Peer 1: 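Have a look at this one before I ask anything.
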2 protein chains.
Amino acid sequence: MPKDIYFPPRELDVMASLWRRQSATVAEVREDLGSRLAYTTVLSVLQTLTDKGYVRHEAEGRAYRYFPTVGPERAGQSALSRIRDAVFQGSAARLFASFVADEGLSRQELERMRRLLDERLAAKEPPR
Amino acid sequence: MPKDIYFPPRELDVMASLWRRQSATVAEVREDLGSRLAYTTVLSVLQTLTDKGYVRHEAEGRAYRYFPTVGPERAGQSALSRIRDAVFQGSAARLFASFVADEGLSRQELERMRRLLDERLAAKEPPR
DNA sequence: GCCAAGCTACGGGAAATCTCGTACACCATG
DNA sequence: CATGGTGTACGAGATTTCCCGTAGCTTGGC
């Protein structure tokens, strides 16, 4: 039971930075967030995430380098299933419909998705 | 600009109930949440959501009936784009890959998705 | 050895979230 | 009319989130 993951908005922003960079210092995360927040604010969020076990840190020079301990895949799965259940009443198809209704999708993205879907379908029903 | 929507966990639970039933009384929502919370707790959440403008209520008998003022589509879009940006670095394809990696998808669901995707592709590039 | 710069630890205040208890209103029934 | 059942309004405590200031440590450069 891989316990449910959930990130409040600000913590999610910080995790996003960590996922994007693989690892980061406080200053780097702050940079990613637009440098609007105080240095110590970002530090606090990182400490909260550390307490929760979603982040760890190693010494690097005189600073720390922070690493995510959960990958985006797992966080994504968790968030998606939450949305599926709450917003789309458990229907993956309905979620997908809403997802695909987004006008901003490029042809290339759509094709990549189709390919993925075909692979998935092929794997799902192996000739028995 | 349709302002960004975000529901904290418990409020999302309540919205889920409202979306599923179209409308509901406090008792019905509480029932949906498993009847573990106090009646007044559920009422409070509904009142908070009303303050935020996501819910309205009408008198019905001696009780109120609560209605969502935002549909699941809009909430879903908002949540999905948030996940796309934060977790999957803005890549719809990566989000989709994670979504489709879910083992729990039935063949039927996968096929429905493919049909949707095909329609979407056809609309995107009409045969010239 | 001393100092400024750069970091972290710590603490804390404001606001949001989550939960509930109590008070009170309404109404049906005896 | 008294009573119990069903609701809402109100207030409030505990916890979490969000943001920052200050104190103190460490290090590179002089």
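Small disclaimer: the values here were computed from a predicted structure and weren't measured.
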Peer 1: Would you call the rings of B:Phe96 and B:Phe99 parallel, tilted or perpendicular if under 30° counts as parallel and over 60° as perpendicular?
Peer 2: tilted
Peer 1: Just how far, in rounded Å, is C1' of D:dT16 from CD of A:Glu11?
Peer 2: 9 Å
Peer 1: Please classify the nucleic acid contact of A:Tyr39 as base, sugar-phosphate, or nothing, using heavy-atom distances under 4.0 Å.
Peer 2: base
Peer 1: I need the CD-P distance between B:Glu28 and D:dT8, as an integer number of Å.
Peer 2: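 For the pair B:Glu28 CD and D:dT8 P, the rounded distance is 11 Å.
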Peer 1: Do the side chain of A:Thr40 and the base of D:dC19 come within less than 3.5 angstrom through a donor-acceptor pair of N or O atoms?
Peer 2: no
Peer 1: Round to a whole Å and report the spacing from CG of B:Leu43 to C1' of C:dG21.
Peer 2: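 The distance from CG of B:Leu43 to C1' of C:dG21 comes to 13 Å, rounded to the nearest Å.
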Peer 1: Using heavy-atom distances to pick each residue's nearest nucleotide on DNA chain C, tell me which of A:Arg62 and B:Thr48 is more 5'.
Peer 2: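 With B:Thr48 and A:Arg62 compared, the 5'-side residue is A:Arg62.
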Peer 1: Rounded to whole angstroms, how far apart are CZ on B:Arg65 and P on D:dT6?
Peer 2: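 It is 17 Å, rounded to the nearest whole Å.
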Peer 1: Any side-chain heavy atom of B:Val55 sitting closer than 4.5 Å to one from B:Thr69?
Peer 2: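 Of all side-chain heavy-atom pairs linking B:Thr69 with B:Val55, none is under 4.5 Å.
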Peer 1: Whole Å only: how far is the CZ atom of B:Phe7 from the P atom of C:dT17?
Peer 2: 11 Å
Peer 1: Please tell me which of B:Val26 and A:Val42 maps to the more 5' nucleotide of DNA chain D, matching each residue to the nucleotide holding its nearest heavy atom.
Peer 2: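 Closer to the 5' end of DNA chain D: B:Val26.
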Peer 1: Could you state the atom-to-atom distance from CG of B:Leu46 to P of D:dG7 in whole Å?
Peer 2: 13 Å
Peer 1: Just to confirm, is there a sub-4.0 Å distance from OP1 or OP2 of D:dC20 to any side-chain nitrogen or oxygen of A:Thr41?
Peer 2: yes
Peer 1: Is any side-chain N or O of A:Tyr64 closer than 4.0 Å to OP1 or OP2 of C:dA9?
Peer 2: yes
Peer 1: Can a donor-acceptor pair be found between the side chains of B:Ser23 and B:Arg65 at a distance below 3.5 Å?
Peer 2: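 Yes, B:Arg65 and B:Ser23 have a side-chain donor paired with an acceptor closer than 3.5 Å.
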Peer 1: Of A:Leu105, A:Val100, A:Leu110, which meets side chain to side chain contact (heavy atoms under 4.5 Å, CB included) against B:Leu121?
Peer 2: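 For B:Leu121, the side chain to side chain contact (heavy atoms under 4.5 Å, CB included) test succeeds with only one of A:Leu105, A:Val100, A:Leu110, which is A:Leu110.
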Peer 1: With a 4.0 Å limit, can you tell me whether B:Gln47 has a side-chain N or O closer than that to the phosphate oxygens OP1/OP2 of D:dT8?
Peer 2: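 No, B:Gln47 has no side-chain N/O under 4.0 Å of OP1/OP2 on D:dT8.
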Peer 1: Name the nucleic acid region contacted by A:Ser44, choosing base, sugar-phosphate or nothing; use a 4.0 angstrom heavy-atom cut-off, strictly under.
Peer 2: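 Here A:Ser44 touches the bases of the nucleic acid.
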Peer 1: If you measure from the Lys or Arg side-chain nitrogens to the Asp or Glu carboxylate oxygens, is any gap between B:Asp32 and B:Arg21 under 4.0 Å?
Peer 2: yes
Peer 1: Considering only side-chain heavy atoms of B:Pro8, which listed nucleotide, C:dC7, C:dT17, D:dT8, is closest?
Peer 2: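 The closest nucleotide is C:dT17.
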Peer 1: More 5' along DNA chain C: B:Lys52 or B:Ala38, using each one's nearest nucleotide?
Peer 2: B:Lys52
Peer 1: Round to a whole Å and report the spacing from CG of B:Asp51 to P of C:dC18.
Peer 2: 14 Å
Peer 1: Rounded to the nearest Å, what distance is computed from the OH atom of residue A:Tyr54 to the P atom of nucleotide D:dT17?
Peer 2: 10 Å
Peer 1: Given that A:Gly61 and A:Val45 both sit by DNA chain D, which one's nearest nucleotide is further toward the 5' end?
Peer 2: A:Val45
